2 protein chains.
Amino acid sequence: MKISKELMKGSTVQLILSCLSDEDMYGYQIIKKIKTKSKNIFNMGEGTIYPILHRLEKQGFLKSYWEKQIGLPDKKYYKITEKGISKLHEEINEWKKYTKAVNNVINMKSV
Amino acid sequence: MKISKELMKGSTVQLILSCLSDEDMYGYQIIKKIKTKSKNIFNMGEGTIYPILHRLEKQGFLKSYWEKQIGLPDKKYYKITEKGISKLHEEINEWKKYTKAVNNVINMKSV
DNA sequence: AGATTATATATCGTGTTACGATGTATACGC
DNA sequence: GCGTATACATCGTAACACGATATATAATCT
């Protein structure tokens, strides 16, 4: 089963910031980490993640730096900022509140 | 805290179908039920729910019928169809898979 | 040799969606 | 008279994920 595009919309930022709270990573690497960690449920495309990374950097949640490679395309690493960590905490908070609320509604009867 | 618009996007259909799997309801009533059940976390506007109900009916997940009122605007009740029940089960399935996957990713480290 | 796949970045167009704003109409309390 | 509640409807907007496309190198498969 593929997860619907619309479901993804609320959590992509959270997923990315969460990865980067562990260590600096580059876009292509984040895609794979999310894929692995989610047990192949999430398979973000490149056209999805790069614009998000750009956006997050512009908003001050991330900072980037290039690392030159030989025989491979250069890698653009992202580092989470203090502001990004705050954002992540907010997002996780909201996520918990949100999932709890949805479950409260759909568990009206025994599903 | 208000839940972000984008987070809502994946679950509105599920919430509505879930309400209607209990009993026939009209739009205005669904808004309040969701508000109550979610403990005021969700407060859908009318401009949100009516288009969704129309869409779901067009897609064959719901059927509607009017009930005349005296001294009040008439009420348009919605009844979930067999197809709607299947849809609800699919959505709940996807929801569980989705939340589990997100938690797998964000629990990489102790959050 | 040629094609595909993997690595790694970037951007553009498209479709979907929730939501506020606006409109219609009745009734009740201040 | 004015706001609020009940109950429906529609329109425009902004945000977003995603596929498609482009670029470039290297390894693997046919």
Side-chain angles (χ1 to χ4, degrees), chain A residues 2-16 24-36 38 41-59 61-62 64-78 91 94 98 101-102, chain B residues 2-16 24-36 38 41-59 61-62 64-78 91 94 98 101-102:
Chain A
K2 225 192 110 194
I3 300 297
S4 95
K5 193 187 287 199
E6 299 307 327
L7 261 182
M8 290 308 297
K9 286 198 180 171
S11 49
T12 49
V13 167
Q14 192 189 358
L15 296 176
I16 292 169
D24 294 2
M25 297 178 82
Y26 55 96
Y28 203 80
Q29 189 187 7
I30 297 173
I31 291 174
K32 291 189 170 170
K33 186 148 191 178
I34 289 178
K35 191 179 175 189
T36 305
S38 72
I41 301 294
F42 299 143
N43 197 3
M44 276 188 189
E46 307 166 31
T48 299
I49 206 162
Y50 290 120
I52 296 177
L53 289 171
H54 299 161
R55 200 173 80 217
L56 291 175
E57 182 166 25
K58 200 176 281 176
Q59 292 170 329
F61 299 127
L62 303 178
S64 66
Y65 56 94
W66 286 89
E67 255 189 29
K68 282 235 147 56
Q69 305 291 315
I70 25 174
L72 264 178
D74 292 347
K75 295 173 179 175
K76 193 176 182 181
Y77 276 89
Y78 287 92
E91 292 262 328
E94 194 184 358
Y98 166 66
V102 170
Chain B
K2 224 191 111 194
I3 300 297
S4 95
K5 192 188 287 198
E6 299 307 328
L7 260 183
M8 290 308 298
K9 286 197 180 172
S11 49
T12 49
V13 167
Q14 193 189 358
L15 296 176
I16 292 168
D24 295 2
M25 297 177 83
Y26 56 96
Y28 202 81
Q29 187 187 7
I30 296 173
I31 291 174
K32 292 191 170 168
K33 186 147 190 177
I34 289 178
K35 191 180 176 189
T36 305
S38 72
I41 301 294
F42 299 143
N43 197 3
M44 277 188 189
E46 306 168 34
T48 299
I49 207 162
Y50 291 121
I52 297 177
L53 289 171
H54 299 161
R55 200 174 80 217
L56 292 175
E57 181 166 26
K58 201 177 279 176
Q59 292 169 330
F61 300 128
L62 303 178
S64 65
Y65 56 94
W66 285 90
E67 256 189 28
K68 282 234 146 56
Q69 304 291 315
I70 25 176
L72 263 179
D74 292 347
K75 294 172 179 176
K76 194 176 181 182
Y77 276 88
Y78 288 91
E91 293 262 328
E94 195 185 356
Y98 166 66
V102 170

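Order of the sequence lines fixes the chain letters, A, B, ..., with proteins taken first and strands second; residue numbering starts at 1 for each chain. The shown structure was predicted, so the numbers you read here are calculated from the model rather than taken from an experiment.
Across its full length, the helix from C:dA1-D:dT30 to C:dC30-D:dG1 shows an angle of 10° between the axes of its 5 terminal pairs at either end, rounded to 10 degrees.
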Using nucleotides 4-6 of chain D, report all nitrogen or oxygen pairs with the protein that are shorter than 3.5 Å.
from	atom 1	to	atom 2	distance (Å)
D:dT6	OP1	B:Lys32	NZ	2.4
D:dT6	OP2	B:Tyr28	OH	3.1
D:dT6	OP2	B:Lys32	NZ	2.7

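Going from atom CG of A:Asp74 over to atom P of D:dT25 covers 12 Å, rounded to whole Å. Nucleotide C:dC19 holds its P atom 13 Å from the NZ atom of A:Lys9, rounded to whole Å. Regarding B:Ile16, its CD1 atom lies at a distance of 12 Å from the C1' atom of C:dT17, rounded to whole Å. The interatomic distance linking A:Ile31 (CD1) with C:dT5 (P) rounds to 17 Å, in whole Å. What separates CZ of A:Phe42 from C1' of D:dA17 is a distance of 13 Å, to the nearest Å. Atom CD1 of B:Ile49 and atom P of C:dA18 are 11 Å apart (whole Å). Computed from coordinates, the B:Met44 CE to D:dA9 P distance equals 16 Å when rounded to whole Å. What separates CH2 of A:Trp66 from C1' of C:dT7 is a distance of 13 Å, to the nearest Å.
Contact annotation: the side chain of B:Lys68 never approaches that of B:Trp66 to less than 4.5 Å [non-hydrogen atoms, C-beta and beyond]. In this structure, the side chains of A:Ile49 and A:Tyr28 stay at 4.5 Å or more apart for every pair of heavy atoms. Using a 4.5 Å cut-off on side-chain heavy atoms (C-beta onward), A:Val13 and A:Arg55 make contact.
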Under 3.5 Å, side-chain donor or acceptor atoms of residues 71-78 of chain A against the rest of the protein: list the pairs with distances, not counting sequence neighbours.
from	atom 1	to	atom 2	distance (Å)
A:Asp74	OD1	A:Gln69	N	2.9
A:Lys75	NZ	A:Tyr26	OH	3.3

Listed pairs under 3.5 Å, donor-acceptor, residues 4-12 of chain B side chains, sequence neighbours left out:
from	atom 1	to	atom 2	distance (Å)
B:Ser4	OG	B:Glu6	N	3.3
B:Ser4	OG	B:Leu7	N	3.1
B:Glu6	OE1	B:Lys9	NZ	3.3
B:Glu6	OE2	B:Lys9	NZ	3.4
B:Ser11	OG	A:Tyr98	OH	2.6
B:Ser11	OG	B:Met8	O	3.3

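B:Ile30 CD1 to B:Tyr50 OH: the interatomic distance, rounded to the nearest 0.5 Å, is 9.0 Å. Here the OG1 atom belonging to A:Thr36 is positioned 10.0 Å from the CG atom belonging to A:Asn43, to the nearest 0.5 angstrom. Atoms CG and CD1, from A:Leu56 and A:Ile16 in turn, are 6.0 Å apart once rounded to the nearest 0.5 Å.
For A:Glu57, there are no salt bridge (Lys or Arg N to Asp or Glu O under 4.0 Å) partners at least two apart in sequence or on another chain.
With DNA chain D read from its 5' end, the first of the two nearest nucleotides for B:Lys5 and B:Lys76 is the one closest to B:Lys76.
Residue B:Thr48 has no polar side-chain atom (N or O) positioned under 4.0 Å from OP1 or OP2 of C:dA18. Checking the phosphate oxygens (OP1, OP2) of D:dA17, no side-chain nitrogen or oxygen of A:Lys2 falls inside 4.0 Å.
For the pair A:Met25 and A:Lys33, the tightest heavy-atom approach, listed with the atom from each and the gap, is CE-CD, 3.3 Å.
Scanning residues 50-58 of chain B for heavy-atom distances under 4.0 Å to DNA chain C yields B:Ile52, B:Arg55.
Among the atoms of the strands shown, none is found under 4.0 Å from any heavy atom of B:Gly45.
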